[in-house]
Amino acid sequence: MYKTNQHTLFMGKNIVFVPECPSTNDLAMSLLQQPAMIEGTVVITNCQTAGRGQRGNTWITEPGQNLTFSVVLKPTSVSVKNQFYLTMATALAVYDYLTGKTDKPVYIKWPNDVLVEDKKICGILIESIVQGNVLKGAVAGIGLNINQKEFSISTATSLKNVTGLEFDLPHELNSVLALLEKRYLQLKQSDFSGLHSDYLNTMYRIHQLHLFKSHDESLEGSITGIDETGRLLILCKGGMRSFGVKEITFQ
Ligand code: BTN
């Protein structure tokens, strides 16, 4: 049912569909080890039995209802210090896709959750292989909630819940992939400032006073952006502070 993308240069030209697998990221990572594997190869499944999320979390999704896939990438011109731009490019592609589907505001919650109506509609897990100071390869894993109606957590939603419509998964996959290719080419062309400013424009709760938790410390401050390595910048009472992914949570 998933077909080669006719609207891209390389993204989704090769599609590997497996009815069930533990994690598409794991499968894509093993394909990435094969030197002949073409960039833009997509591994997609109907049912992930051991889906992985950020910070060691699991990713659970109703079989056959959502887009659960990973893309094989070779961002060899991207240096390790710029690797957060791959996260930005991927999240922005999902943002671009969703803003074309709904008039409701879409936000990227740092580092790469995509939210609509304050609920998570998409999670992204990027894993990369470093060689020297560049990215030899990467897998961009995307869990995008499309037709699922009920969620075990109240903080999750889907495109169906947001729009009231039912979507054709293969068609939607090809739309996301076309937008991912655009953003990925922006990265390959080293348009870092373009990605950075687009990311800032979509950032959840930017410039709003909010409560955060860092380890055991509660803190109040407002997000002002991210630094050049992707650390979150928060203006707190004591001044500007920066945080890595495992160092801060929204309250
Ligand atoms: C998160 O928000 O914690 C990230 C979730 C990422 C889930 C996707 S689903 C496809 C790919 N395969 C995985 O095992 N994880 C990612």
Side-chain angles (χ1 to χ4, degrees), residues 11 53-55 67 70-71 73 75 77-128 134-135 138-145 155 157 159 162 175-210 212 214 221-236 240-250:
M11 206 64 87
Q54 296 168 56
R55 303 179 169 111
L67 287 175
S70 302
V71 187
L73 299 171
S77 62
V78 178
S79 63
V80 175
K81 76 174 170 51
N82 285 330
Q83 64 180 315
F84 192 73
Y85 287 93
L86 179 56
T87 298
M88 286 193 225
T90 308
L92 281 168
V94 175
Y95 169 90
D96 296 339
Y97 165 74
L98 289 169
T99 49
K101 292 282 162 188
T102 172
D103 291 335
K104 294 182 177 151
V106 180
Y107 295 101
I108 299 175
K109 183 179 174 190
W110 177 88
N112 55 9
D113 288 350
V114 188
L115 309 189
V116 182
E117 297 179 312
D118 258 23
K119 294 185 179 191
K120 182 160 165 173
I121 194 165
C122 178
I124 295 168
L125 181 66
I126 310 264
E127 296 178 300
S128 46
V134 294
L135 299 185
V139 165
I142 298 177
L144 180 51
N145 297 332
T155 50
T157 194
L159 198 51
V162 166
S175 303
V176 179
L177 291 175
L179 293 163
L180 182 61
E181 181 171 272
K182 260 190 170 176
R183 288 294 184 176
Y184 185 63
L185 288 174
Q186 192 180 1
L187 171 68
K188 284 209 154 179
Q189 285 147 12
S190 302
D191 180 12
F192 299 122
S193 64
L195 287 169
H196 187 241
S197 67
D198 288 351
Y199 184 87
L200 290 192
N201 284 333
T202 66
M203 245 181 132
Y204 181 66
R205 297 234 156 108
I206 193 165
H207 304 311
Q208 294 170 25
L209 206 56
H210 192 69
F212 300 88
S214 177
S222 61
I223 295 173
T224 61
I226 50 171
D227 72 9
E228 61 286 350
T229 61
R231 287 172 70 83
L232 186 68
L233 296 171
I234 302 181
L235 184 59
C236 307
M240 191 70 83
R241 291 175 64 180
S242 79
F243 299 89
V245 175
K246 292 186 182 144
E247 296 166 359
I248 187 113
T249 50
F250 288 65

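- Here the CZ-CE distance, from Arg183 to Met11, works out to 12.5 Å after rounding to the nearest 0.5 Å.
- Looking at Asp96 and Lys182, their side chains never come closer than 4.5 Å, going by heavy atoms from C-beta outward.
- Annotation: side chain of Tyr199 is not in contact with side chain of Tyr95 (no heavy-atom distance under 4.5 Å).
- Under the side chain to side chain contact (heavy atoms under 4.5 Å, CB included) rule, Leu135 has a single partner from Val78, Ile126, Asn82, which is Val78.
- Checked against side-chain hydrogen bond (donor to acceptor under 3.5 Å, both in side chains), Asp227 has the following partners two or more places apart in sequence or in another chain: Thr229.
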### Query
Passes side chain to side chain contact (heavy atoms under 4.5 Å, CB included), Ile223 versus His210? Steps please.
CA-CA 8 Å; Ile223 295 173; His210 192 69; over 6 Å; no

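- Shortest non-hydrogen contact noted between Lys188 and Ser77 is O-OG, 4.2 Å.
- The shortest heavy-atom contact between Leu180 and Ala93 is CA-CB, 3.5 Å.
- At a threshold of 4.5 Å between non-hydrogen side-chain atoms, the residues Ile124 and Thr87 do not count as touching.
- Side-chain atoms of Tyr107 and Asp118 form no donor-acceptor pair, as typed in the model, at a separation below 3.5 Å.
- The OG1 atom of Thr90 sits 9.0 Å away from the OH atom of Tyr184 when rounded to the nearest 0.5 Å.
- Scanning both residues, Asp113 and Lys120, for their nearest heavy atoms gives OD1-NZ, 3.0 Å.
- Within the 4.5 Å cutoff, side-chain heavy atoms of Glu117 are placed close to those of Lys104.
- Residues Tyr85 and Glu228 come closest through the heavy atom pair CE1-O, 4.1 Å.
- For the side chain to side chain contact (heavy atoms under 4.5 Å, CB included) criterion with Val106, the lone passing option out of Val94, Thr202, Val162, Val116 is Val116.
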#### Entry: Full working for side chain to side chain contact (heavy atoms under 4.5 Å, CB included) between Ile234 and Phe212
CA-CA 10 Å; Ile234 302 181; Phe212 300 88; 4.0 Å; yes

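- The minimum heavy-atom distance linking Arg205 with Phe250 is given by the pair CB-CE2, 4.5 Å.
- Atoms CD and CG, from Gln83 and Leu187 in turn, are 11.0 Å apart once rounded to the nearest 0.5 Å.
- Residues Ile226 and His196 have side chains in contact (heavy-atom distance under 4.5 Å, counting atoms from C-beta outward).
- How far OG1 of Thr249 is from CZ of Phe243: 10.5 Å, rounded to the nearest 0.5 Å.
- Interatomic distance, CG of Leu232 versus CD1 of Ile248, reported as 6.5 Å (0.5 Å rounding).
- The CG atom of Asn145 sits 7.5 Å away from the SG atom of Cys122 when rounded to the nearest 0.5 Å.
- Residues passing the side chain to side chain contact (heavy atoms under 4.5 Å, CB included) test with Pro111, sequence neighbours excluded: Gln54, Phe84, Val245.
- Using a 4.5 Å cut-off on side-chain heavy atoms (C-beta onward), Leu67 and Ile142 make no contact.
- The two residues Ser70 and Gly141 come nearest to each other via the heavy atoms OG-CA, 3.7 Å.
- Between Leu144 and Val114 there is no side-chain heavy-atom pair separated by less than 4.5 Å.
- Trp110 places a side-chain N or O within donor-acceptor distance of the main-chain N or O of Gly230, the cut-off being under 3.5 Å.
- A heavy-atom distance below 4.5 Å is found between the side chains of Glu247 and Arg231.
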